J.: 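A single structure is presented below for examination.
Treat the numbers as computed from the prediction; the structure is a model and nothing was measured. Order of the sequence lines fixes the chain letters, A, B, ..., with proteins taken first and strands second; residue numbering starts at 1 for each chain. We use all heavy atoms of the structure for the numbers below, so side chains are in, but hydrogens, waters and symmetry mates are not.
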Amino acid sequence: MLDYRYIKENLESVVENVKRRKVKADPLLVVRLYDERNDHLHRIEELRKKRNENASKMKVKLPDKERKLLVEEGKRLKESIATEEEVLFEIERKLYEEALKIPNMTHPEAPVGEGEGDNVEIKRWGEIPSFSFKPKDHVQIGKELDLVDFDTATKVSGQKFYYLKNEAVILELALVRYALDILSGEGFTVTITPDIAKDEIAQGIGFNPRGEESNIYRIEGTDTCLVGTAEITLGGYYSKEILDPSTLPIKMAGLSHCFRREAGAAGQFSKGLYRVHQFTKVEMFIYCHPSKSDEMHKYLLDIEEKVFQGLGIAYRIVDTCTGELGGPAYRKFDIEAWMPGRGENGDWGEVTSASNCTDYQARRLGVRFKENGKRRFVHMLNGTAIAVSRALLALLENYQREDGSVGIPEALIPYTGFSEIGHSRS
RNA sequence: GGAGAGAUGACCGAGAGGCCGAAGGUGCACGCUUGGAAAGCGUGUGUACUCCAACAGGGUACCGCGGGUUCGAAUCCCGCUCUCUCCGCCA
């Protein structure tokens, strides 16, 4: 969330930003509630001051009559404090609720725009493969090679679930190892995180577990939810802590399952493994000094490129436009890999995303560091190292061969132990 | 899951309704002392919000968290969380 005072002092640019990001939020209302809250708070503080003064007069022995008067006065003060406090709590609740709706500010270089079409492609890498035959999509490949079983998963778990089978299982593990090794090499602390997190942490990261259109599965009878990404558990790692600035940047990687409700998401462009309720992902997370977050953002993107270059899959990088940015992001770069089976003749499909969330998450989660005696919020960034289901999809579609087999990129063979997936399986 | 013990400032540790934002110690900072260091001595040392021109001064809140009792709560009552020990159960 943004700082209340920041909103008040920069109202014009906050309003403009909300408009650009196509978010339903009302900064004016927030400022009004903030002022109202402060007025009430002052009034209450005055009353408390009187109460404290009144009480200290009774520290000494007093004649009964005098004491009785003071007690009466104290009772009166107590009552007015209680009524004022009730009003205050209601205002604060509303203020918080409204403030949560206000998105992060936006990087001055982020493209301004409404929708996907306004995202700006800033780089392309690799050759889009050309096939001497009509390439299949991964659903068909997965079925023919007995690698992915959607039908049984639908019976057992519901729509948009899948069983990985045979080489696809090894491939998932290989992709995970491949990514983790790269990250270890980059000095990241690798972790396997819990797949469940408290609602308050998820909310601090910017997910709303309770909203009607929430993408998050909540766990009945608890204040917890299934994580939609390890960003939640990695971002929560240092919540409410004051970090030693000499430890920054802190670079962490987390392997977790990701659970998403994806209500209403359907259709040609989200079929198969592209949009599922559960997948495995290695996520990168960085806590850094505010002056370093732009640099760290580029760094995350570099690693993501390295991962996909190693896999030999053509991709492009997209600078996400204002209308498409999620609430916490100050700026976001996506990598879209070429997916030959997507749409009629192949298409780009998002495989990673790297966001600089500046202090937006840190403020709610209370992640700070001390500098010159002052406490400041760190900047927090996250990026996908490998989202297995989509990487797997891209791999199957890009490395398919005319005879129906699928090749394995050089970089993965040490992890898979096989160099192709064919029809014959012993 | 059951039983018991506990949760106080950077840390250790007093506290038992008003004199407690909190003794004492350690640590840390500054100063004195010293040829230099150690020791010793002195002073200072939480956070958030807020008033104010103010890094001067004031106010409010904070003794795990949330409620309650009271004119007044770190201190009493209730609920919760966490930690430790023992038992149970397991991968």
Side-chain angles (χ1 to χ4, degrees), chain A residues 1-10 30-96 98-100 192-204 209-210 218-225 233 236-248 255-257 359-378:
Chain A
M1 70 190 308
L2 294 179
D3 181 48
Y4 295 141
R5 216 162 41 180
Y6 178 88
I7 297 172
K8 183 175 167 152
E9 284 165 9
N10 300 276
V30 171
V31 171
R32 197 159 358 113
L33 288 166
Y34 179 57
D35 287 341
E36 215 176 307
R37 182 198 77 142
N38 287 344
D39 286 350
H40 272 265
L41 197 59
H42 289 155
R43 213 168 310 155
I44 288 170
E45 285 185 354
E46 281 307 309
L47 287 169
R48 283 176 181 160
K49 184 180 172 183
K50 280 189 196 152
R51 177 199 58 192
N52 291 346
E53 284 167 356
N54 188 256
S56 14
K57 284 184 199 156
M58 276 183 275
K59 284 172 186 171
V60 291
K61 278 214 189 306
L62 287 173
D64 274 359
K65 237 184 227 162
E66 234 172 280
R67 172 166 292 267
K68 205 174 164 201
L69 278 173
L70 288 172
V71 170
E72 286 306 314
E73 173 66 8
K75 279 188 178 169
R76 245 195 47 235
L77 285 167
K78 184 163 78 159
E79 264 169 50
S80 24
I81 289 171
T83 17
E84 285 290 338
E85 275 180 344
E86 233 168 274
V87 179
L88 178 69
F89 293 154
E90 180 51 27
I91 294 169
E92 283 190 327
R93 194 194 56 74
K94 193 123 189 260
L95 170 62
Y96 184 67
E98 289 300 322
L100 283 184
I192 296 177
T193 84
D195 287 340
I196 288 176
K198 293 183 182 172
D199 292 342
E200 72 186 71
I201 300 290
Q203 196 179 64
R210 290 168 201 277
R218 289 202 72 223
I219 299 171
E220 200 178 343
T222 71
D223 294 325
T224 59
C225 55
T233 40
Y237 195 91
Y238 286 108
S239 61
K240 296 175 195 158
E241 294 196 19
I242 292 163
L243 303 172
D244 177 346
S246 70
T247 63
L248 301 176
L255 167 62
S256 83
H257 290 116
D359 60 1
Y360 192 85
Q361 299 172 323
R363 182 168 295 106
R364 242 186 300 178
L365 291 170
V367 190
R368 291 167 296 178
F369 67 102
K370 218 170 199 174
E371 185 177 64
N372 302 326
K374 292 252 181 216
R375 287 169 181 207
R376 296 185 64 189
F377 292 108
V378 297

J.: For nucleotides 60-62 of chain B, tabulate all protein N/O to nucleotide N/O atom pairs closer than 3.5 Å, reporting atom names and distance.
T.:
residue, atom, partner, partner atom, Å
B:U60, OP1, A:N52, ND2, 3.4
B:U60, O2', A:R48, NH1, 3.1
B:A61, OP1, A:R51, NH2, 2.8
B:A61, OP2, A:N52, ND2, 3.4

J.: Measuring only the C1' atom in each nucleotide, how far is B:U26 from B:U81? A whole number of Å is fine.
T.: 30 Å

J.: Rounded to the nearest 0.5 Å, what separation is found between the OG1 atom of A:T224 and the NZ atom of A:K198?
T.: 9.5 Å

J.: Tell me whether A:I219 at atom CD1 has more than 12 heavy atoms from other residues, nucleotides or ligands lying less than 6.0 Å away.
T.: yes

J.: Whole angstrom is fine here: how far is it from CD in A:E200 over to C1' in B:G66?
T.: 13 Å

J.: Does any nucleotide pair with B:U70 by Watson-Crick or G-U wobble geometry, both distances under 3.5 Å, and what is it?
T.: none

J.: For A:D3 and B:C49, give me the distance from atom CG to atom P, rounded to whole Å.
T.: 8 Å

J.: Between A:H42 (NE2) and B:A48 (C1'), how many Å, whole number?
T.: 14 Å

J.: With C1' as the reference atom in both, quote the distance from B:U83 to B:G31 in angstrom, rounded to an integer.
T.: 42 Å

J.: Does A:N10 reach the main-chain N or O of A:Y6 with its side chain, forming a donor-acceptor pair under 3.5 Å?
T.: yes

J.: Hey, are A:E46 and A:R43 close enough for a salt bridge, meaning a charged N less than 4.0 Å from a carboxylate O?
T.: no

J.: With rounding to whole Å, what would you report as the distance between B:C11 and B:C28 at their P atoms?
T.: 15 Å

J.: Could you give the CG-to-C1' distance, from A:L77 to B:U70, as a whole number of Å?
T.: 14 Å

J.: Considering only atom P, compute the distance from B:U45 to B:A10 and round it to an integer number of Å.
T.: 14 Å

J.: How far does CD1 of A:I44 sit from CG of A:D39, to the nearest 0.5 angstrom?
T.: 11.0 Å

J.: Taking any heavy-atom pair under 4.0 Å as a contact, classify A:R5: base, sugar-phosphate, or nothing.
T.: sugar-phosphate

J.: Can you tell me the pairing partner of B:A39 across any strand shown, Watson-Crick or G-U wobble, with both distances under 3.5 angstrom?
T.: none

J.: Using side chain to side chain contact (heavy atoms under 4.5 Å, CB included) as the criterion, list what pairs up with A:F377, not counting sequence neighbours.
T.: A:D359, A:A362, A:R363, A:R368

J.: Under 4.0 Å, counting only non-hydrogen atoms across every strand here, what does A:F89 touch: a base, just sugar-phosphate, or nothing?
T.: nothing

J.: Both distances below 3.5 Å, Watson-Crick or wobble geometry, any strand: find the nucleotide opposite B:G17.
T.: none

J.: Tell me, for nucleotides 15-21 of chain B in 5' to 3' order, what letter each nucleotide earns: B for a base near a protein heavy atom under 4.0 Å, S for only sugar-phosphate near one, - for neither?
T.: ---BS--

J.: For B:U85, give the paired nucleotide (Watson-Crick: N1-N3 plus N6-O4 or O6-N4; G-U: N1-O2 and O6-N3; both under 3.5 Å), or none.
T.: B:A3

J.: Going by the rule side chain to side chain contact (heavy atoms under 4.5 Å, CB included), which residues pair with A:L69 if we only count those two or more places apart in sequence or in a different chain?
T.: none

J.: Between B:C63 and B:U47, how far apart are the C1' atoms? Round to whole Å, please.
T.: 13 Å

J.: Rounded to whole angstroms, how far apart are CZ on A:R43 and C1' on B:G59?
T.: 17 Å

J.: Using both distances under 3.5 Å as the test, list the Watson-Crick or G-U wobble partner of B:C63, or none.
T.: none

J.: Any chance you could measure A:E90, atom CD, to A:L33, atom CG, to the nearest 0.5 Å?
T.: 10.0 Å

J.: Mind checking the P distance from B:G58 to B:A22? Whole angstroms is fine.
T.: 13 Å

J.: So, taking the atom named CG in A:L95 and the one named OH in A:Y34, what distance separates them when rounded to the nearest 0.5 Å?
T.: 8.5 Å

J.: Applying a 3.5 Å limit to both distances, which nucleotide forms a Watson-Crick or G-U wobble pair with B:G27?
T.: B:U45

J.: Round to a whole Å and report the spacing from NZ of A:K198 to C1' of B:C65.
T.: 11 Å

J.: I'd like to check the side chain to side chain contact (heavy atoms under 4.5 Å, CB included) partners of A:S239; sequence neighbours left out, ordered by chain and number.
T.: A:I201, A:L365

J.: CG of A:L47 versus P of B:C71: gap in Å, rounded?
T.: 17 Å

J.: What donor-acceptor contacts under 3.5 angstrom involve side-chain atoms of residues 78-88 of chain A, with partners at least two apart or in another chain?
T.:
residue, atom, partner, partner atom, Å
A:S80, OG, A:R76, O, 3.0
A:S80, OG, A:L77, O, 3.3
A:T83, OG1, A:E79, O, 2.9
A:T83, OG1, A:S80, O, 3.1
A:E84, OE1, A:H40, ND1, 3.0
A:E85, OE2, A:R48, NH2, 2.7

J.: Judged by each residue's nearest nucleotide on RNA chain B, which is more toward the 5′ side, A:R37 or A:E72?
T.: A:R37

J.: How far does the P atom of B:G21 sit from the matching atom of B:U60, given to the nearest Å?
T.: 11 Å

J.: Tell me whether the side-chain N/O atoms of A:Y34 come closer than 4.0 Å to OP1 or OP2 in B:U50.
T.: yes

J.: Give me the distance, rounded to whole Å, that separates B:C62 from B:G72 when you measure between the P atoms they each carry.
T.: 13 Å

J.: Using atom NZ of A:K78 as one end and atom P of B:A73 as the other, report the distance to the nearest whole Å.
T.: 9 Å

